[in-house]
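Note sheet for the following structure.
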Amino acid sequence: MYYAELLLVGLIWGCTYAMMALGLTLVYGLLRILHVAQATVFTLGAYIGLLAANYSGSLAVAFIAGAIAAGALGPLIYRFVYQPILDRPPFVALVASIGVLIAMEDGFRLLFGPYGLSFEHNTWFTTTYSFAGMTMNLVQIWMVVTAVVLLSAFAIFATRTRAGVAWRATVSDPPMAESFGISVSGVRYVNFLIASVLAGIAGVLVGLLNNLVEPGMGSVIAYKGLAIIVLGGLGSVPGTLVASLALGVVESYGTVFLDKVLDRDAIAFLFLIVVLMIRPQGLLGRR
Amino acid sequence: MDYYVSVATFAALNVILALGLNLISGFCGQVSLGHAAFYGLGAYAAALCSVAGVPFPLAILVGVLVAGIFGIVVGFAALRVREDFLAIVTMGVGFLFLGAVRKQPWLGAEMGIAKIPSPLDKWGYAALAIGAAVALVVLSLHVRRSWMGRAFGAVAQDEDAARTIGIDVAGYKITAFFLGTAAAGLAGGIYAHMTQLIIPDTFNFIQSITILAMVVIGGIGSTIGVVAGAILLTLMPELFRFINDYKLLVYGALLLLVMRFSPGGLAGLLQRLGLRLA
Amino acid sequence: MTLLEGRNLSIAFGGVHAVENVSLAVAKGELLGLIGPNGAGKTTLLRLLTGILPPDTGHVFFEGRDITRMPIHRRAQLGFALTHQIVRPFREMTLAENVMMAAAGEVTVRPWKALVAVNARRERERALGLLERLGIADGADKLARNVPLGYLKRMQAARALALNPRLLMLDEPLAGLNAAEATRLADLIVDLNAGGITIVLVEHNLGEVTRIARRLLVLHNGALLGEGEPRAVMARADVRDAYLGADVHA
Amino acid sequence: MQIKSGSRLLVAAALGAALVAPASAQTIKIGFHAPLTGFAAADGKSALNGAELAVEEINAAGGINGRKIELVVVDDQAKADQAVPIANKYIGEGLKIVVSGSYSGPTRAAAGVFQKAQIPYISSYAIHPDITRAGNYVFRTSFMGEVQGRAAAKFIGDIMKKKNVTLITLNNDFGQSLSAGFKEAAPKFGVKVISEYTYAMGDRQFGSIVASVKRDNPDMLYVSGYFFNGGPLVAQLRAGGIKTPILGTEGFDTHNFIKIAGPAAEGVMITTSLDRDSKSPAMRKFIDDYEKKFNTPADMVAASTNTAINVAAAAIAKAGSDDPAKIRDAIAGTKDFQVSTGKISFNDLGEIYKAAQVQVIKDGKFHHQATIDDPQLLAPPMK
């Protein structure tokens with residue numbers, strides 16, 4: 001029973017990671033950029049969502065507002081930060097991205113205060129359901145549901161729609177896609193839009209889950225998200241999902257059983273290093 | 001006066017750290033996001049030795065070697081994974097180091113190691129740090145001119161091609177990691193004795209990013225540029241004390257702007273200006 | 001006297017046998033052509049011989065010594081040079097520096113030895129000589145990323161020669177060159193061979209290959225189809241079928 | 001509100017800069033460093049608020065012997081390597097006393113520098129045991145972690161009469177020293193530590209700890225941490241159906257904790273030194289004035305820096321001189337001084353003794369639950 005509960009905890013964490021990391025994978029797949037600044041998109045979504053919820057009293061409004069704000073910020077970062085330096089070595093974009101993250105995190109602190117903000121009426125947080133001796137609150141359930149729904153929707157988009165097929169064609173071979181009349185630049189904007197909206201929704205969900213939205217809440221995504229997409233095989237969407245769930249479960253057991261030896265981050269990265277030493281291309285990556 | 005001495009000492013330590021990373025990333029092309037771990041390894045190893053009564057020079061030497069030996073281990077990892085994968089693995093090494101130290105009672109866990117004997121005074125540490133920094137600058141400039149530097153360049157630009165012309169890519173990568181991390185270990189040993197207290201948080205991911213920022217802002221691969229970058233970023237908090245509350249905002253924006261408008265860093269900027277003047 | 005020998009070499013990618021149970025021997029001083037239609041496994045076989053790919057089964061011998069598991073750079077140090085099908089220059093170095101890197105094998109063999117060596121005059125002279133010999137001396141001080149493909153192809157050959165090779169493996173050295181350039185490089189290959197370098201040549205340009213090679217090896221579907229004197233091999237019906245079936249350019 | 005405080009900081013910093021060269025005879029400058037940016041900025045903000053309130057009130061009451069005091073504020077980002085130049089800068093500017101509103105790393109690093117320069121230095125809330133061991137010029141006006149942990153053990157064993165306790169410990173110097181003190185004192189009060197789980201500063205999700213606590217089924221939980229991880233932790237414990245009483249630490253001592261944990265905060269107890277129901281005029285006045293000035297309830301960090309500044313000011317007044325040695329002696333001689341965190345006196349190591357308060361959260365507010373006053377148990381280490 002105890003082990004089953006730890007597994008459940010790990011899978012919920014895994015869904016949270018998946019929501020946070022999917023956008024990173026999309027950006028990496030298309031542009032080969034380690035988009036650390038995704039963390040600020042995530043945090044902005046959480047802040048705007050929280051302000052909307054506290055103002056309107058509705059969580060639905062919170063999600064819409066968070067998604068819109070995040071969806072606006074991501075493409076802007078692409079336009080003004082990445083686009084001009086796409087032809088530079090990859091670390092240039094990485095350092096620029098880190099710069100955006102540091103500046104924006106501090107911007108959030110100046111704008112919204114250092115203490116963080118809490119939802120005034122976080123009904124999902126206090127509503128709990130018990131079954132088979134395990135208890136979950138409504139945010140956790142929504143986290144799992146949202147992850148499954150959005151990720152399935154994304155899979156359908158990528159395989160069944162014209163836009164999705166164009167997107168995949170661009171990812172695998174941009175010049176070829178261009179020769180077929182696909183606007184590569186348009187696909188990049190759409191890509192950033194999707195990645196950012198996902199991050200914004202994840203931000204609101206994580207904000208609800210912690211009942212706390214704070215300037216540095218994105219730092220988890222900034223480093224663990226990178227670990228997850230690398231673990232999954234860089235640019236592989238199914239790989240990211242598998243890696244997220246695997247990491248969630250490893251952390252769930254690890255934080256209890258390796259407690260005396262390593263902390264949570266170290267457990268996650270030990271797992272990453274061990275996997276990469278055995279499979280240098282990541283869990284589902286191709287050589 | 002004391003203030004300037006201590007700022008100069010920290011600037012020198014940062015020059016050592018940044019030049020070490022530049023050897024690995026700038027010269028040999030191996031991205032590392034975990035350089036602070038080796039700074040920490042050197043600090044912890046030297047501190048443990050000193051607390052156990054080992055003479056100061058020997059303690060520093062042990063710090064250098066321990067950092068360098070772990071650097072060799074990470075160098076072997078660099079043979080398995082490349083580029084972005086390597087960047088994340090080295091970042092993981094940083095987290096692993098910190099996560100392990102935090103839990104080890106014999107390393108003081110979160111309390112760190114305190115009461116480290118301090119055999120020198122301010123001036124002594126300043127002289128030691130600046131001397132080591134100058135030595136490293138000389139070494140860096142020399143490596144660049146030597147066949148080792150050329151071989152590093154070949155590995156950085158195309159390691160498969162380097163192999164086919166007989167260059168021992170693995171050997172050079174490991175050498176670069178050893179030299180770069182040993183330098184970080186030297187900085188760590190000096191730091192530990194100077195402040196007499198080390199705690200895990202000093203050697204965290206942010207520290208690794210800061211060292212990387214020094215290298216990149218200075219101009220990756222350029223020794224003089226990296227020295228300038230390290231000094232600039234050390235002075236920044238000092239210069240910007242008057243904007244206390246906006247310091248990180250300015251710092252982040254600076255990283256972004258340099259990358260956006262001069263991806264070659266300060267060195268690239270000067271080169272461009274030079275070309276335009278010429 | 002055999003210089004290089006491959007015994008029962010096989011490799012499969014995802015179930016497809018790219019090279020299957022191929023054995024071959026290259027005699028000292030030979031100029032061997034390795035031909036076959038597209039996808040026959042020529043480049044793969046070359047990669048097995050040079051160590052870029054480890055074979056699933058089989059062994060490679062150099063002067064009777066098993067080098068199957070020897071790292072590439074050690075083979076290069078033994079005098080085992082190769083050029084890539086797609087040129088792989090050090091893009092931020094000049095052509096001369098590219099060749100100098102290969103000419104400095106004695107110095108760069110150990111990192112610590114390389115650290116104390118600064119002087120490069122000897123290597124530069126040698127590099128300039130080789131570039132001259134290949135007819136691209138005018139590009140010596142241009143960055144590799146700024147010169148045309150023809151220069152890079154020949155620079156790559158110069159780089160391989162700078163290793164003082166005893167065995168030179170050339171992967172489509174003539175591809176991408178115009179007819180005059182190709183003939184000139186082919187002549188140079190003959191010269192090199194006459195000068196004592198054993199050469200294995202993978203080439204699509206059948207005209208040049210049959211002209212200069214003294215023996216041909218034909219690969220088809222990953223297996224050895226035949227071998228012998230060029231004109232005789234090219235006259236064989238099965239060889240013609242293999243080419244006509246797959247490659248209209250034959 | 002935040003923007004305004006930012007500009008106020010600018011003004012303060014600009015004033016500080018302007019006054020560097022000609023040392024004004026009128027004002028007495030007190031150095032003050034805190035993590036105003038970076039991961040610890042929330043505590044830095046409270047620290048600065050508490051210190052500014054003290055300065056404002058001292059000046060409003062006429063200053064020290066007719067002279068106004070002034071803070072020279074510097075951001076240390078909670079980084080040890082920034083603290084050393086900061087300390088040297090203060091010394092170079094001729095400051096006679098400095099207060100730390102920061103964490104253990106920077107405070108310990110700076111303590112060595114101030115000791116060498118013979119400048120009195122007061123740590124407000126950093127808890128590393130080695131800070132005061134830097135020498136006789138270094139003082140601390142807060143509990144040491146071990147002491148607070150011992151008080152918690154006594155409360156659980158003697159007052160709550162609980163036997164089997166599970167510890168959930170924040171993995172930093174604060175959490176580890178609390179846990180050490182608790183485990184050391186627990187046997188004396190018949191308390192058994194049946195399990196201990198740890199978590200890191202950045203953790204906000206504690207599912208596996210909740211599952212483990214459920215399995216262990218302790219009589220009581222002793223939880224260390226700060227409001228930003230303690231809030232979600234307590235909420236998740238309650239959401240997980242765990243009804244076990246919880247004793248927290250002074251890191252939870254802010255209304256932000258209650259805002260985050262929401263209804264789950266009800267009934268949570270903490271050990272601290274700020275008693276919201278106190279009759280002590282100093283404590284009362286601080287709590288009320290703080291809320292009025294900053295429009296937010298006071299917290300433990302603010303109370304600690306407020307205390308430290310008051311101790312510093314009183315010592316300068318008593319010394320009647322700017323001589324650092326005399327100021328040091330005056331601080332060391334502080335006896336039964338009433339401040340926002342209680343009645344304090346220093347021992348020969350520069351540590352204080354004071355009673356520990358246990359507060360309980362009722363109807364969304366902190367209230368008095370118990371006072372642990374045991375001079376022997378809570379004695380700080382001596383030289």
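Lettering follows sequence order; numbering is per chain, from 1. Values reported hereafter were calculated over all heavy atoms of this structure, with side chains retained and with hydrogens, waters and symmetry mates removed. Note that the structure is predicted; figures quoted are calculated from it, not measured.
For the residue pair D/A42 and A/P114, the shortest heavy atom distance occurs at CB-O, 3.4 Å.
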Candidate pair D/F257 and D/V234, rule side-chain contact (heavy atoms from CB on, under 4.5 Å), full reasoning: CA-CA 9 Å; D/F257 172 79; D/V234 165; 3.8 Å; yes
Only pairs under 3.5 Å count here: list side-chain donor-acceptor contacts from residues 212-220 of chain A, not counting sequence neighbours, and write none if there are none.
| from | atom 1 | to | atom 2 | distance (Å) |
| --- | --- | --- | --- | --- |
| A/E214 | OE1 | D/R204 | NH2 | 3.1 |
| A/E214 | OE2 | D/R204 | NE | 2.5 |
| A/E214 | OE2 | D/R204 | NH2 | 3.1 |
| A/S219 | OG | A/G216 | O | 2.8 |

May I have the list of side-chain donor-acceptor pairs in residues 221-231 of chain A shorter than 3.5 Å, sequence neighbours left out?
| from | atom 1 | to | atom 2 | distance (Å) |
| --- | --- | --- | --- | --- |
| A/Y223 | OH | A/D265 | OD2 | 3.2 |
| A/K224 | NZ | A/Y17 | OH | 3.4 |
| A/K224 | NZ | A/E251 | OE2 | 3.1 |
| A/K224 | NZ | A/D265 | OD1 | 3.1 |

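Side chains of D/D43 and D/Y103: a donor-acceptor N/O pair is present below 3.5 angstrom, by distance only. Side-chain N/O atoms of D/N171 and A/D263 include no donor and acceptor closer than 3.5 Å.
Proximity to chain A involves both the backbone and the side chain of D/S46, based on heavy atoms less than 4.5 angstrom apart. Heavy atoms closer than 4.5 Å to chain D are found in both the backbone and the side chain of A/S252. Residue contact with chain A, scored on non-hydrogen atoms closer than 4.5 Å, is absent for D/Y199. In this structure, chain D has heavy atoms under 4.5 Å from both the backbone and the side chain of A/D259.
In this structure a side-chain-to-backbone donor-acceptor pair under 3.5 Å is missing from D/S208 to A/V256. A distance-only check finds no donor-acceptor pair linking the side chain of D/Y222 to the backbone of D/V193 [under 3.5 Å].
Put simply, the side chain of D/S224 reaches to within 4.5 Å of the side chain of D/T169, judged on heavy atoms.
With chain A as partner, the option from D/S212, D/A200, D/G44 having the largest number of non-hydrogen pairs under 4.5 angstrom is D/S212. Interface check for chain A: of the options D/Q236, D/E196, D/K259, D/Q205, the most heavy-atom pairs under 4.5 Å are formed by D/Q205.
Residues of residues 2-10 of chain A lying under 4.5 angstrom from chain D, judged on non-hydrogen atoms, are A/Y2, A/E5, A/L6, A/V9 in numerical order. Scanning residues 42-61 of chain A against chain D with a 4.5 Å heavy-atom cutoff picks out nothing at all.
Centroid-to-centroid, the aromatic rings of D/F206 and D/Y197 stay 6.0 Å apart or farther.
Between A/F257 and A/Y253, the ring planes lie parallel to each other; the angle is under 30°, not in the 30° to 60° tilted range.
Between the CG atom in D/D76 and the OG1 atom in D/T107 there is a gap of 7.0 Å [rounded to 0.5 Å].
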